[in-house]
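Written below as structure tokens is the structure these notes are about.
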Amino acid sequence: MSRTLADLLLKERIITPQQHAESAAAFKSGKSHVKYLIEQKILAENRLMQFLGQKFGMPSVNLAKFEISPEVIKLVPQELARKAGAIPIQSAKGTMVVAVSDPTNLAGLEDLKFRTRQNVEAVLTPLSAWEEAFSKHYGTIGIGSAIDSYRKESNKAGEDQPSASSGFEVVQVHDIDSGASEQDAPVITLVNGILQEGIRRMASDIHVEPYEKRFRVRMRIDGVLLEMTQVPIEMKRAVVARFKIMSRMDIAESRVPQDGRIKLRVGGTDIDFRVNSMPTLFGEKIVLRMLSKGNLQLDLTKLGFEQKQLDVFKKGINLPNGMVLVTGPTGSGKTTTLYSALAELNKMADNLSTAEDPVEYNLEGINQVQVQKEIGLTFAAVLRALLRQDPDIILVGEIRDYETAEVAVQAALTGHMVLSTLHTNDAVSTITRLMNMGLEPFLVVASLNTIVAQRLLRTICSKCRVEQAVPKERFIQLGFSPEVAAQLKAYHGKGCSVCGGTGYKGRIAIYEVLEFSTALKEMVLAGNSVIDLKRQAVKEGMKTLRMAALTKVAEGKTTLEEALASTMEG
């Protein structure tokens with residue numbers, strides 16, 4: 001990239017001589033002027049865009065809202081696109097339109113024109129949108145180069161190479177630490193690149209999905225699935241087989257679902273991927289759940305509880321016996337909350353045991369048992385066995401049926417503390433859910449201490465957080481007092497390179513903590529409705545999930561849209 005941009009900005013007195021010198025030094029170390037100026041907050045991205053648009057008279061486009069055909073992306077190899085700082089977005093009649101974030105890179109555009117043998121027209125796009133589009137369409141270095149290498153090898157092999165229609169019946173893929181043949185190397189590089197990208201983006205899940213005419217990779221980042229790259233359809237069987245080999249699955253079996261694990265060590269941190277394969281109409285879909293012990297937060301005070309909620313929760317888990325339940329949908333952080341509770345309770349004088357499916361994290365000083373239904377080792381069976389192991393505290397991964405619920409309640413009634421999870425929408429409906437499973441109301445009342453319902457909200461990116469105009473009447477409508485609403489400010493993220501243009505970076509938990517009081521127990525025995533129970537709980541001081549979410553909005557941690565979309569009214 002040329003130094004023209006820094007020179008232009010200095011000439012226009014937009015940056016100081018010192019900033020110009022620092023930018024030039026950053027350029028010599030390999031960083032672009034645009035990236036340096038934005039990261040160092042010397043210039044706001046929108047102001048820099050405005051300057052470049054006026055100076056070069058270029059039309060602008062936001063790639064975050066622009067769909068690019070895979071056929072157009074194929075016209076420019078990954079390395080050439082990176083070197084030129086240009087992503088192809090359209091091509092017709094010998095002219096290719098490319099999106100750039102720095103139009104001063106004339107040498108790169110000339111090289112692009114020469115190597116593609118097309119006329120090149122450039123349009124301007126924000127750096128954050130450019131980087132997000134590059135990641136989506138080209139992926140990491142490993143992914144892009146692996147696809148290019150695979151195509152080259154396929155072209156060399158000619159007739160000997162299996163076609164997309166015939167596929168690979170058996171693919172010989174080597175272990176991750178061993179050498180690989182020239183044919184296997186691109187597949188190994190591609191799979192490693194996908195895993196590295198998932199770790200880099202802190203994805204909770206990676207989806208490798210086959211369809212009739214395409215094969216894509218999506219990642220769940222901050223709770224939302226985003227498409228990362230599209231892999232050539234002819235690589236489908238080889239990539240799936242590689243994942244299955246790494247996770248110790250049977251690659252010869254593709255008719256039934258399989259489970260496995262991949263263990264990696266990255267930068268001194270152990271990262272586990274829980275892997276599942278599922279036969280679909282056009283091949284096996286692979287989903288990986290990333291479990292990083294380095295990201296596991298085992299401090300109750302840092303999970304997001306408000307102080308009053310934390311006091312109620314700690315009181316519940318520190319009782320000598322009874323049952324504490326954590327509820328919420330899959331991926332809402334229930335495991336983290338329960339493991340944090342175990343860490344709080346993990347004392348030398350107590351015997352702690354768990355029944356889990358699967359065991360997600362290995363915790364020192366706690367006896368963890370893996371449920372294996374295929375051999376009859378169900379939650380209920382493990383729980384019965386644990387009761388003969390002189391336990392003090394028992395964690396049951398999930399109460400899924402009447403049998404498990406019955407044994408858990410009996411354990412809670414016979415002097416043990418039982419922690420578990422349940423899938424319900426809120427704290428109060430957990431009570432009726434247990435009774436719907438077949439438990440008698442008096443057993444629920446006698447055993448249950450505390451119920452926690454939780455969700456994860458995306459937090460606003462700190463790098464691009466700006467104030468959002470929300471009418472005062474809207475806040476009043478949501479339950480804020482007129483005095484509070486008048487002072488309240490809402491924020492959102494406008495999108496930048498740090499958050500990938502989404503406006504969100506990271507997540508925070510919100511909680512609804514219900515202390516099962518005497519009044520509530522009497523209402524359950526009297527047969528009161530869920531609505532009556534919830535009204536009484538709020539009267540006693542319980543903060544609902546919606547209230548907790550709106551508190552995070554008032555604190556400027558999340559957006560109003562995220563809070564309303566993630567919680568129900570009431």
Side-chain angles (χ1 to χ4, degrees), residues 1-15 23 27 31-39 42-138 226-227 463-464 466 492-503:
M1 200 173 276
S2 80
R3 293 179 56 189
T4 312
L5 176 58
D7 295 338
L8 285 173
L9 292 169
L10 180 63
K11 187 178 179 180
E12 298 287 336
R13 297 184 179 180
I14 294 175
I15 62 175
S23 180
F27 170 75
K31 182 171 282 192
S32 78
H33 290 300
V34 172
K35 196 173 185 70
Y36 178 81
L37 292 167
I38 293 171
E39 283 185 350
I42 295 170
L43 272 180
E45 188 174 45
N46 58 353
R47 189 184 174 196
L48 183 57
M49 275 281 293
Q50 186 180 21
F51 169 77
L52 291 172
Q54 291 173 350
K55 195 72 179 175
F56 290 88
M58 293 174 64
S60 61
V61 61
N62 189 346
L63 286 185
K65 301 177 181 179
F66 197 95
E67 287 296 323
I68 308 173
S69 165
E71 298 303 317
V72 173
I73 289 294
K74 290 176 184 177
L75 296 174
V76 181
Q78 182 198 46
E79 288 305 316
L80 180 57
R82 180 184 287 104
K83 185 178 177 182
I87 296 175
I89 60 175
Q90 287 180 349
S91 180
K93 299 179 181 179
T95 298
M96 180 166 56
V97 180
V98 299
V100 300
S101 61
D102 183 0
T104 65
N105 185 9
L106 301 176
L109 294 177
E110 283 298 319
D111 187 36
L112 185 62
K113 180 179 178 180
F114 175 76
R115 292 177 61 176
T116 60
R117 297 180 182 177
Q118 292 197 47
N119 292 323
V120 174
E121 292 183 2
V123 295
L124 197 59
T125 193
L127 176 64
S128 56
W130 191 96
E131 290 183 336
E132 178 68 18
F134 189 90
S135 177
K136 174 181 177 181
H137 295 289
Y138 289 104
L226 302 173
E227 185 172 309
K463 299 293 183 182
C464 60
V466 293
H492 72 123
K494 62 181 180 177
C496 65
S497 58
V498 174
C499 62
T502 63

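Of all the heavy atoms in Cys464 and Gly503, the pair that sits closest is SG-CA, 4.3 Å. When all heavy atoms of Ala86 and Leu112 are compared, the pair lying nearest together is CB-CD2, 4.0 Å. Closest heavy-atom contact between Gly108 and Ala84: O-CB, 3.5 Å. Of all non-hydrogen atoms in Pro103 and Met58, the two that sit nearest each other are CB-SD, 3.3 Å. The two residues Ser91 and Val72 have their closest heavy-atom pair at N-CG2, 4.4 Å.
Residues satisfying the side-chain contact (heavy atoms from CB on, under 4.5 Å) criterion with Ala99, sequence neighbours excluded, are Leu63, Ile89, Val123, Thr125. Glu227 pairs by the side chain to side chain donor-acceptor pair (under 3.5 Å) definition with Gln230, not counting sequence neighbours. For the side-chain contact (heavy atoms from CB on, under 4.5 Å) test, residues two or more places apart in sequence or in another chain that qualify with Ala81 are Val76, Phe134, Tyr138. Scored by the side chain to side chain donor-acceptor pair (under 3.5 Å) test, Thr502 finds no partners at all (sequence neighbours excluded).
Within the 4.5 Å cutoff, the side chain of Val98 has heavy atoms near those of the Leu109 side chain. Between His492 and Val466, the closest side-chain pair of non-hydrogen atoms falls below 4.5 Å. Between Leu75 and Thr116 the shortest side-chain heavy-atom distance does not fall below 4.5 Å.
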**Request:** List the steps, then state whether salt bridge (charged side-chain N to carboxylate O under 4.0 Å, His left out) holds for Lys74 with Glu71.
**Result:** CA-CA 5 Å; Lys74 290 176 184 177; Glu71 298 303 317; 3.3 Å; yes
**Prompt:** When you look at Met96 and Asn119, which way does the side-chain contact (heavy atoms from CB on, under 4.5 Å) test go after all the steps?
**Reply:** CA-CA 6 Å; Met96 180 166 56; Asn119 292 323; over 6 Å; no
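For the atom pair CD (Glu121) and NZ (Lys113), the distance works out to 10.0 Å, reported to the nearest 0.5 Å.
Sorted by first then second residue, the ring pair (Phe, Tyr, Trp, His ring centres under 6.0 Å) pairs that include residues 82-124, not counting sequence neighbours, number zero.
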